[in-house]
Amino acid sequence: MPREIAKSYSHQDVEGPWYARWEEAAHFAPAGSGEPPFSMVIPPPNVTGSLHMGHALNNTLQDVLCRFRRMDGHDVLWVPGTDHAGIATQNVVERQLAAEGLDRADLGRQAFIEKVWSWREETGGTILRQLRALGVSCDWSRERFTMDEGLSRAVREAFVRLWEEGLLYRAERLINWCPRCKTALADIEVVHEEVDGHLWHVRYPLVEGGELVVATTRPETMLGDTGVAVHPDDRRHAGSIGRRARLPIAGREIPVLGDAFVDPEFGTGAVKITPGHDFNDFEIGLRNGLEVINILDDDAAVRAEAFAAADGKVPAWAGRYRGQDRLAARERVVEELTEGGLLAEVQPYRHAVGKCYRCQTVIEPYLTPQWFVKVQPLADPAMEAVRDGRTRIIPETWKNSYFAWMENIKDWCVSRQIWWGHQIPAWYCAGCNESLDPDGGRVASGCVPVVGRTAPERCETCGGRRFVQDPDVLDTWFSSALWPFSTLGWPDKTADLDTFYPTSALVTGFDILFFWVARMMMMGLRFMDRVPFRDVYIHALVRDQEGQKMSKSKGNVIDPLIMVNRYGADPFRFTLVAMTAMGRDVKLAEDRIAGYQHFVNKLWNAARFVLMNLDDEVLRERRRPGEEPAGEDPDLADRWILSRLKATIERAREAIAAYRFNDFAHHLYQFTWHEFCDWYIEMSKLRLNGGAGSRAAQRTLHTVLRNILLLLHPLMPFVTEELWGAVTARDAASPRRDDIMVQHYPASDDFPADRDAEEKVEFLSGIIRAVRNLRTEMNVPPSRKVRVVLFDTEERLSLVRAYEGLVCALARTEPLEYLSGGGRPQKVATAIVDTTEVYVPLDGAVDLEEESGRLHRALDKLETEMGRVRKKLANENFTAKARPEVVEREREKAQEMEEKIDALNRSLERIRELQAQ
RNA sequence: GGUCGCAUAGCUCAGUCGGCUAGAGCGCUUGCCUCACAUGCAAGAGGCCGCAGGUUCGAGUCCUGCUGCGACCACCA
């Protein structure tokens, strides 16, 4: 009995219910089947985040891998979760407070943290809910958060072990300070940007007469100058070294010294040295024993007290700057210098400044005590693991960046002066450290920390029992670095760790290769002794169609949720995957998604066609792959499509195994639309409706459709599941075992290769195409059948004869007429397929001139090519050196062309004869 | 400043070990409401493979230089 499904697919009605059903059936959780494991951890999005294109691409690719592996018999675990995103989250909640006219100090640390937690309870899960709309098959029962109890324990454990192993230290160093976030940042969290600024040339008078002119981009820092440096070999300044200069405005005397760091070619060859506010100057200061003056406070406002003399008195000039922001101070300094005639020159100057990656505020080098991880001992094994292939980076080109970064790595500043995060598990004894602020203010550099998994009870030195915990929290990326094993239960020895570590693959964007991937490598190797993942697949950025980064300010953002809503998750996913070529950015335009929605429609209608023509018994048959079609006279079309199916499975599997996502999508698209729909379905129509071989056709339609659904499922989970339901007779006892997402992925061994059928269909379709082509050229209305005469040897023609019905139907012709041997038709051969001449005799006269011209052009083209191939084959170098299959191919080609040329010549001869008449 | 990519049809891109007549999708032109689908069917037009050299029997593919674009890294005041 024929059945109907809706005329078109409506994703709105289907996606939600299927997702709920999968979750309810626990399809997302590993089955514990003992099959080989396949595991991934999600790159945890920030709790503050909402789904953007980058997440959509990232998670779609992961889901494709997971669904494929799950169907291919692996025990799949995909761990989801979110990152507490220290600074970002704190910013969000602080903005909320600001709207109420409060800041975090008003609440105090404890209350503020509670506020963040409750914020997270309310809105923090948004992004994970949004991810579900994509159809991702994470195991939600294992959802983790970098601040949850287990992961926090892992963080403390890791911190303590690093400390015990001497890989962690606390020291006062110049660090990158963000005056807006009021915290230290790691080097990698500073983004350098070119800005237009000025180069101010300032006169520093020498005490014994003369002057040195120094160039600077940040004149306000001169208040903290404690020296001037020139290159020791610079003859212009040779006499200055060892003398003293008088610092303008401050009036302080500072030494002039020689240091090889100074580039004599740049500026005036003299550099002001501000060890408190410049990384290079800090080093020079260390080498030369210069004093370090910190002229700024946490807000980067001038701290007049920094200039206090020994008696505590602050000079009058310092008062003029007190509390001024560094930029205001800069203007003031320039003003005073100008007034004093001390500004020799001002040049416009374009240079790079460091900015906070979170808030874009210009970074200030700042001297504070911080915690650092010694990275070199961690980086070496991390490089080795990639070098020897324990971890593969795909595409390989990223390996270079990875090594370059690892080789130049500096110690990692892991402490942050914010409140939201893992508070550092270090305590200071109030008895031993007198300067300690019991309210948890900043801890002076001299204080001695006690590091431990829990708060110490009694001081081993003084026996005191009062401790203050270090107020700093850890860099967010510290906990992220542990993610692949902390989410599996570390530091406990868990079954999950045993089974699923190392994870199989990591899919991520290149933007966090250093932030995250590199650090996971270091920590994974350190604590687990094994790499955290076998493969790292690095995908590109999603850009708009002009190749611009998507950003709110540019207004070119495409919202994934709107796309899912408008077109459905399936076309959206398919688009992303189809556009993910190795090492290329994804340029996305909405009409792409609309285009692939057509593909979903096509698939839907193909299924509709199959169902309309399927007998109940056929639908209910539980055929095993390879058993079909059942014995009865296997039809050429059936043999052909099954052979093509086999080839498609092979190619698709190769593509996905190599992370060639675009190839994967395209092979399946091509097969579904252009082989199955365009050709097989059309061919099948002859036999359906009770025709001979109807059953076999039905079985093949059913089989191929089901396999197409299986093949496409990782890409388009919803529509395939919906259709699978329609073409599958479910086992009433356990219907969920029949869901497509837990079926076996097609294997190419399930289907026979049939070279013979492929060649024949290729030939027949060539003839059909030729006739169609001629019809169009001669303006034959589609409704009208044409006469077709074929001329070739009897042997070749018999092939067409056997499948005449097919040709007649698909090319809309009268019964074919065959000619071989002597009796050539009195008409012009207008097309040649292989060696077969195809004639379409028409009532109206054929324009012989035009035909002759057409054939001559075809002949020219062929002969040129023929000449090329002949030359090639005559070339001993070629026949000797080229691979045998290449040579063989050329030989076959030559022969085919020769026959074709013969046929063309015969046609031209015929034209000449006709013209002569 | 250093490093790495990219340049192929109007647009977005494939092109695997150097060897089929350089492909696809979208767009475009023409004709069709053919009983799964007009979200469709059929046919077609459209290419100095960035430029200049080199290697090779043979180069879109490998090498060198140039031009243009992009990304990453970087403490030159």
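Every chain is numbered from 1 and lettered A, B, ... according to where its sequence line falls, protein lines coming before strand lines. These numbers were taken from a predicted model, which means no experiment stands behind them.
No close placement of the A:Trp398 and A:Tyr402 rings is indicated, their centers lying 6.0 Å or farther apart.
Map A:His351 and A:Glu193 each onto its nearest nucleotide of RNA chain B; the residue landing nearer the 5' end is A:Glu193.
Taking atom C1' on both nucleotides, B:G10 is separated from B:G58 by 32 Å, rounded to a whole Å. Taking atom C1' on both nucleotides, B:G46 is separated from B:U30 by 15 Å, rounded to a whole Å. On the P atoms, B:G23 is 25 Å away from B:C63, given to the nearest whole Å. Taking atom P in both B:G65 and B:C76, one finds a spacing of 27 Å when rounded to whole Å. For the P atom pair drawn from B:C66 and B:A24, the interatomic distance equals 37 Å after rounding to whole Å. Atom name C1', nucleotides B:G5 and B:G47: the rounded distance is 24 Å, in whole Å. On the P atoms, B:C6 is 10 Å away from B:A14, given to the nearest whole Å. Nucleotides B:U21 and B:G15 place their C1' atoms 15 Å apart, quoted to the nearest Å.
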In dot-bracket, 5' to 3', how would RNA chain B read with Watson-Crick or G-U wobble pairs under 3.5 Å, [ ] for crossing ones and | for pairs to another strand? (((((((..((((.....[...)))).(((((.......))))).....(((((..]....))))))))))))....
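Looking at A:Arg236 and A:Pro264, their side chains come closer than 4.5 Å, going by heavy atoms from C-beta outward.
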Between A:Glu758 and A:Arg755, is a salt bridge (charged side-chain N to carboxylate O under 4.0 Å, His left out) present by the stated rule, with each step listed? CA-CA 5 Å; A:Glu758 291 203 27; A:Arg755 190 64 216 143; 3.8 Å; yes
Between A:Thr580 and A:Asn662, does a side chain to side chain donor-acceptor pair (under 3.5 Å) hold up when you go through it step by step? CA-CA 5 Å; A:Thr580 298; A:Asn662 58 331; over 6 Å; no
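Panel note: side chain A:Arg330, backbone A:Arg326; no donor-acceptor pair is recorded below 3.5 Å. Judged purely by atom type and a 3.5 angstrom limit, A:Thr813 has no side-chain atom pairing as donor or acceptor with the backbone of A:Ala809.
Contact check, A:His674 against B:G25: a side-chain N or O comes under 4.0 Å of OP1 or OP2. Checking the phosphate oxygens (OP1, OP2) of B:A77, no side-chain nitrogen or oxygen of A:Lys272 falls inside 4.0 Å.
Following rounding to the nearest Å, A:Phe261 (CZ) and B:A77 (P) show an atom-to-atom distance of 8 Å. Whole-Å rounding puts the A:Phe878 CZ to B:G19 P distance at 11 Å. Between A:Gln670 atom CD and B:G25 atom P there is a gap of 6 Å when expressed in whole angstrom units. At whole-Å resolution of the value, CZ in A:Arg350 and C1' in B:A77 are 18 Å apart. Atom CZ in A:Arg870 sits about 20 Å away from atom P in B:G58, given to the nearest Å. In this structure, CD of A:Glu396 is placed 16 Å from P of B:U16, rounded to the nearest angstrom. A straight line from CZ of A:Arg660 to C1' of B:G15 spans 11 Å, rounded to a whole angstrom. In this structure, the CG atom of A:Asp663 is 16 Å from the P atom of B:C13, given to the nearest Å.
In this structure, A:Asp278 pairs ionically with A:Arg218, as a charged nitrogen and a carboxylate oxygen lie closer than 4.0 Å. Between A:Glu890 and A:Lys893 there is a salt bridge, since at least one side-chain N of the basic residue sits less than 4.0 Å from a carboxylate O of the acidic one. A salt bridge is defined here as a Lys NZ or Arg NE, NH1 or NH2 lying under 4.0 Å from an Asp or Glu carboxylate O, and A:Arg350 with A:Glu194 meets this definition.
B:C17 shows a glycosidic angle within 90° of 0 and is accordingly assigned syn.
Proximity note for A:His192 (side chain, C-beta onward) versus B:A36, B:A74, B:A71: the nearest is B:A74. Each of B:C57, B:G5, B:G25 was ranked by its minimum atom distance to the side chain of A:Lys881; first place goes to B:C57. Distances were taken from every side-chain heavy atom of A:Lys893 (C-beta onward) to each of B:A36, B:U21, B:C57; the shortest belongs to B:U21. Listed candidates were B:A77, B:G19, B:A36. Nearest to the side chain of A:Arg889 is B:G19.
The residue from A:Val704, A:Leu701, A:Leu705 that alone fulfils the side chain to side chain contact (heavy atoms under 4.5 Å, CB included) condition with A:Tyr680 is A:Leu701.
Every residue meeting the side chain to side chain donor-acceptor pair (under 3.5 Å) condition with A:Asn288, not counting sequence neighbours, appears here in chain and number order: A:Asp259.
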Readout for nucleotides 37-44 of chain B: B = base within 4.0 Å of protein heavy atom, S = sugar-phosphate only, - = neither; 5' to 3' it is B-BSSSSS
